[in-house]
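Order of the sequence lines fixes the chain letters, A, B, ..., with proteins taken first and strands second; residue numbering starts at 1 for each chain. As a basis for the values below, the full set of heavy atoms in this structure was taken, side chains included, without hydrogen atoms, waters or symmetry mates.
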Amino acid sequence: MATYQLNVNGQRKEVTVDPSTPLLWVLREELKMTGTKFGCGISACGACTVHVGGVATRSCIVPISHVGERPIITIEGIGQDAVGRAVQDAWVDTDVVQCGYCQSGQIMTAVALLKHTPKPSDQNIDESMGGNICRCATYVRIREAIKNAAAELTKGGA
Amino acid sequence: MPWSRVALAVSVVAVALGVAAFVNARVVERNETAQGLAAWEQVYSVLTHPRCINCHTATNYPQQGDERRRHVANVVRGPEGKGVPGLNCAGCHQETNADSTGVPGGHNWHLAPLSMQWQDTNDRPLSSAAVCRAVTDRSRNNKLDGPALLKHHEEEALVIWAWNPGRKPDGSLRTLPPLTHEQFIAATRRWVQAGTPCPSGK
């Protein structure tokens, strides 16, 4: 066991866990932040996506010992960010969600996309979101919501 | 003996010695080239091992595993070989291997540029001659000359990673290239000292 000081959504958190524990389970089991979901456990579905040091990261396969000082943003904190807020609003307005299980990961990846590519093309969306699987196949609405969020952010100058 | 005959004899001997020296030099050069080509084949055996060639693709995606299957999660190359926003290599591959989860890692994890593709678009390894031409073409290899290629093999973090590739998700060790890193460096050095010769052919 080892003790780690984490920066999660701007707050200092201390956890004492086995160094091999994936970040996902630290968030869910130790910090009780259950918005981030377990999907496949092998980084293949994207349900566990969070931001680590600004990079969309598959938390199910990153041991806590590899996180270091990098700040962590989860679905619980993404709404504090202008792009994150716009994406969440677009998700609601576009009624993207069906069962909802994958959607926190979808939103975290979409925010990462829009932070780097404010006006994404269909190809940009396909490539960036291609690793986030939705069993309800809400892909058409996800694409629409990303474009709506991009339009709103561009209009607002964010 | 007249001086003219002496001069002629001396000239004949000098020419004969010169020819012998020339032939000898050519023989030495040919031997060096042959040894260099043999060393290159050793280098090639490493470059086309899955630990190396999986990231030297000709396609829009990396590969993984000894069977060189397409990378999971629909990962794509991206403009700089590091994936795309939201799906970057660094989103999974950390600075070091994550043996508890089976994800390999190393500094600046990325695909080799398309100019350094060692496979065709059907994921078949290119021939020894074709890979050699790519590796030695300074317009394609980031302007590396022979000594710089040797240094790259000796020091580049992702090259060295191939001999410390960590564990797979099932806990077993990833396979290693057919030579040790020391043998690989020795072969590269012999090849570079021979002038980085390449096999003929396509």
Supply the atom-to-atom distance A:Thr57 OG1 to B:His93 NE2, rounded to the nearest 0.5 angstrom.
-> 11.5 Å

Rounded to the nearest 0.5 Å, what's the gap from OG1 on B:Thr101 to CZ on A:Arg58? Could you check?
-> 13.5 Å

Straight-line distance of B:Gln94 CD to A:Ser65 OG, nearest 0.5 Å = 9.5 Å

Are there more than 12 heavy atoms of other residues, nucleotides or ligands under 6.0 Å from atom CD of A:Gln123?
-> no

Cut-off 4.5 Å, heavy atoms of chain B, and the answer for A:Val52 is neither

Measure distances from B:Asp99 to the heavy atoms of chain A and classify the residue's part below 4.5 Å as side chain, backbone, both or neither.
-> neither

Answer key: most heavy-atom pairs under 4.5 Å with chain A among B:Cys92, B:Gly102, B:Gly105 is B:Cys92

Taking every heavy-atom pair that is under 4.5 Å apart, which of A:Ile61, A:Thr109, A:Leu114 has the most such pairs with chain B?
-> A:Ile61

Side chain, backbone, both or neither: which part of A:Thr117 has a heavy atom under 4.5 Å from chain B?
-> side chain

Is it true that atom CD of A:Gln5 has more than 12 heavy atoms of other residues, nucleotides or ligands lying nearer than 6.0 Å?
-> yes

All heavy atoms of B:Ala98 vs all of A:His66, minimum pair found to be CA-NE2, 3.9 Å

For the candidates A:Ser20, A:Gly68, A:Pro22, A:Pro120, which exhibits the highest count of non-hydrogen atom pairs separated by less than 4.5 Å from chain B?
-> A:Ser20

Has A:His116 got more than 12 heavy atoms of other residues, nucleotides or ligands less than 6.0 Å from its NE2?
-> no

Is the number of heavy atoms from other residues, nucleotides or ligands within 6.0 Å of CZ (B:Arg69) greater than 12?
-> yes

Which distance, rounded to the nearest 0.5 Å, do you find between the CG of A:Leu113 and the CG of B:Leu87?
-> 10.5 Å

Option among B:Val75, B:Asn74, B:Val84 that satisfies the side chain to side chain contact (heavy atoms under 4.5 Å, CB included) test with A:Glu127 | B:Val84

Taking all atoms of both residues into account, what is the closest heavy-atom pair of B:Val72 and A:Ala44, and its distance?
-> CB-CB, 4.5 Å

Which portion of A:Cys40 sits near chain B, non-hydrogen atoms under 4.5 angstrom = neither

Heavy atoms only: give me the nearest B:Pro85-A:Ser128 pair and the separation to one decimal.
-> O-OG, 2.6 Å

Flag yes if more than 12 heavy atoms outside B:Glu156 fall under 6.0 Å of its CD atom; otherwise flag no.
-> yes

